[in-house]
Protein chains: 2
Amino acid sequence: MALNASRKPVLDGEECDMSGWDMNNCPVRDVLDRIAGKWSTLLLEALARQPYRFGELRRLVPDISQRMLTQTLRDLQRDGYIEREVFPTKPPSVEYRMTDLGRSLFEPLSKVLRWAEANHPSVKAARVKYDESELA
Amino acid sequence: MALNASRKPVLDGEECDMSGWDMNNCPVRDVLDRIAGKWSTLLLEALARQPYRFGELRRLVPDISQRMLTQTLRDLQRDGYIEREVFPTKPPSVEYRMTDLGRSLFEPLSKVLRWAEANHPSVKAARVKYDESELA
DNA sequence: ATCGTTAGTCTCAAAAAGAGACTAGCACTA
DNA sequence: TAGTGCTAGTCTCTTTTTGAGACTAACGAT
């Protein structure tokens, strides 16, 4: 097929080394499916600066529900990115802080965040262009 | 509050420059909410290597539904990361390929992917540890 | 006595995702 | 010439995920 032929030479000799991917049981998917959530990066960004308590995080991210805040924090804790410490104050207070593993993840992750900030205009422009061409 | 006092000195003078974040209308959220999907990074990773056609992508990521494949590709296209080209073959074939903007995004993104690969064992270990301490 | 504060949990409704049938036009085969 | 398969999707139905908001329990302050 002509179409195929024009694309194939890209990685000659292996044609498509996706074979080594093993989509199920893929480390990248296993790790990323967790930090790819809507709230995960946001909370990691906050906790990368300093520790916060549950209520502080809730006020910091006003449109997160308590349910999702609890759940996302648990997930991040389970994967080892953050720690949870309970202080036996009268109404018990709980502090969340980033672990070394979390900080190590946040280093490359923060670069994506900075890319997003820097390229937000380009993305918005692309959306406008797409939407215009759609209503044709 | 003693608890607070012990955490505050981290970033003295501003205490919490989250005030500049403006959670709603936040560029980082606006951009990341799209590429944070379950399938987005996976498709970007594939298309970063070479262009693919719809059916090829479907075979490459066996557990994606056609519905989500279509939708995710459209989202990525709308944000300007990939392009879609239709070839007027007898059953029309459609090729998807990465744009310059997409490649520019993929550069920092790929570092997160590599982090995930490298640190998969640590994450799995953290999960085991967490699950063990939970059933106590 | 009542109110506010803590960190959640619980329930119900709404939104998103997954599974799989279905389309149309052409090529190949029997 | 009927049957089968290929293409890139769309449509519908079910299941899962998420969001909104009420509720808890013990203590301090008013």
Side-chain angles (χ1 to χ4, degrees), chain A residues 1-7 23-24 29 32-43 46-47 51-78 82-97 130 134, chain B residues 1-7 23-24 29 32-43 46-47 51-78 82-97 130 134:
Chain A
M1 188 191 289
L3 215 164
N4 230 343
S6 71
R7 285 183 297 100
M23 281 303 179
N24 319 13
R29 290 184 72 172
L32 251 72
D33 278 1
R34 296 298 165 76
I35 63 180
K38 186 177 177 183
W39 307 109
S40 306
T41 41
L42 216 48
L43 293 177
L47 294 172
Y52 281 107
R53 286 169 44 192
F54 186 87
E56 291 177 315
L57 288 170
R58 190 155 64 89
R59 281 185 290 277
L60 215 53
V61 186
D63 56 346
I64 194 174
S65 63
Q66 293 181 309
R67 197 180 146 284
M68 284 313 291
L69 180 54
T70 302
Q71 195 176 108
T72 307
L73 287 172
R74 287 254 151 53
D75 288 347
L76 293 177
Q77 186 195 351
R78 193 172 102 99
I82 64 177
E83 299 177 312
R84 176 177 182 274
E85 187 175 3
V86 182
F87 294 95
T89 48
K90 349 320 158 57
S93 57
V94 178
E95 188 176 279
Y96 293 91
R97 84 172 118 288
Y130 179 92
E134 275 309 281
Chain B
M1 190 188 290
L3 215 166
N4 229 343
S6 71
R7 284 183 299 101
M23 282 302 177
N24 319 13
R29 292 184 71 171
L32 251 72
D33 279 0
R34 296 299 166 78
I35 63 179
K38 185 177 180 184
W39 307 110
S40 306
T41 41
L42 215 47
L43 294 177
L47 294 172
Y52 281 107
R53 284 167 46 190
F54 187 88
E56 291 178 315
L57 289 169
R58 189 154 66 90
R59 281 186 290 275
L60 215 54
V61 187
D63 57 342
I64 193 174
S65 63
Q66 294 181 311
R67 196 180 148 282
M68 284 314 291
L69 180 52
T70 303
Q71 197 176 106
T72 308
L73 287 172
R74 287 259 147 62
D75 287 348
L76 293 177
Q77 186 194 351
R78 192 172 103 99
I82 65 177
E83 297 176 314
R84 178 178 182 274
E85 187 176 2
V86 182
F87 293 96
T89 50
K90 356 306 157 58
S93 58
V94 178
E95 189 176 278
Y96 292 90
R97 84 174 116 287
Y130 179 92
E134 275 309 281

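All values derive from a computational prediction rather than experimental measurement. Every chain is numbered from 1, with letters handed out A, B, ... down the list of sequences.
When distances are taken from the side chain of A:Gln66 to each of C:dG8, D:dG9, D:dC27, the shortest belongs to C:dG8. Distance from the side chain of B:Ser93 is smallest to D:dT7 among C:dA7, D:dC27, D:dT7. For B:Val94, taking side-chain heavy atoms from C-beta onward, the closest of the listed nucleotides C:dA7, C:dA27, D:dG9 is D:dG9. Between C:dT6, C:dG8, C:dG18, one nucleotide has an atom nearer to the side chain of A:Arg53 than all others, and that is C:dT6.
A straight line from CH2 of A:Trp39 to P of C:dA16 spans 13 Å, rounded to a whole angstrom. The nearest whole Å value for the distance from the CG atom in B:Leu73 to the P atom in D:dA8 is 11 Å. Note: CZ (B:Phe87) to P (C:dG25) measures 23 Å, nearest angstrom. If you take NZ of B:Lys90 and C1' of C:dA27, they are 8 Å apart, rounded to a whole angstrom. In this structure, the CD atom of B:Glu85 is 13 Å from the P atom of D:dA8, given to the nearest Å. Atom CG in B:Asp75 sits about 14 Å away from atom P in D:dG9, given to the nearest Å. Taking atom CE of A:Met68 as the reference point, atom P of C:dG8 lies 15 Å away to the nearest angstrom. Put simply, CG on A:Asp63 is 13 Å from P on D:dG21, counting in whole angstrom units.
Mapping A:Gln71 and B:Thr70 onto DNA chain D via the closest heavy atom, the residue that lands nearer the 5' end is B:Thr70. Nearest-nucleotide positions on DNA chain D for A:Pro91 and A:Ile64 put A:Ile64 closer to the 5' end. Closest-nucleotide positions on DNA chain C for A:Tyr96 and A:Arg67 were compared, and the one nearer the 5' end corresponds to A:Tyr96.
By the 4.0 Å N-to-carboxylate-O rule, A:Glu95 lies too far from A:Arg53 to be salt-bridged with it. Salt-bridge annotation for A:Arg29 and B:Asp63: present, with a side-chain N of the basic residue lying under 4.0 Å from a carboxylate O of the acidic one.
Looking at heavy atoms from C-beta onward, B:Arg84 lies in side-chain contact with B:Arg74 at the 4.5 angstrom threshold. Side-chain contact between B:Ile35 and B:Asp75: absent, with no pair of heavy atoms (C-beta onward) separated by less than 4.5 Å. Counting heavy atoms from C-beta on, the side chains of B:Leu73 and B:Phe54 come closer than 4.5 Å.
One finds a side-chain N or O of A:Arg74 lying less than 4.0 angstrom from the OP1 or OP2 phosphate oxygen of C:dT9. Phosphate proximity of D:dG21 to A:Arg58: absent, as no side-chain N or O sits under 4.0 Å from OP1 or OP2.
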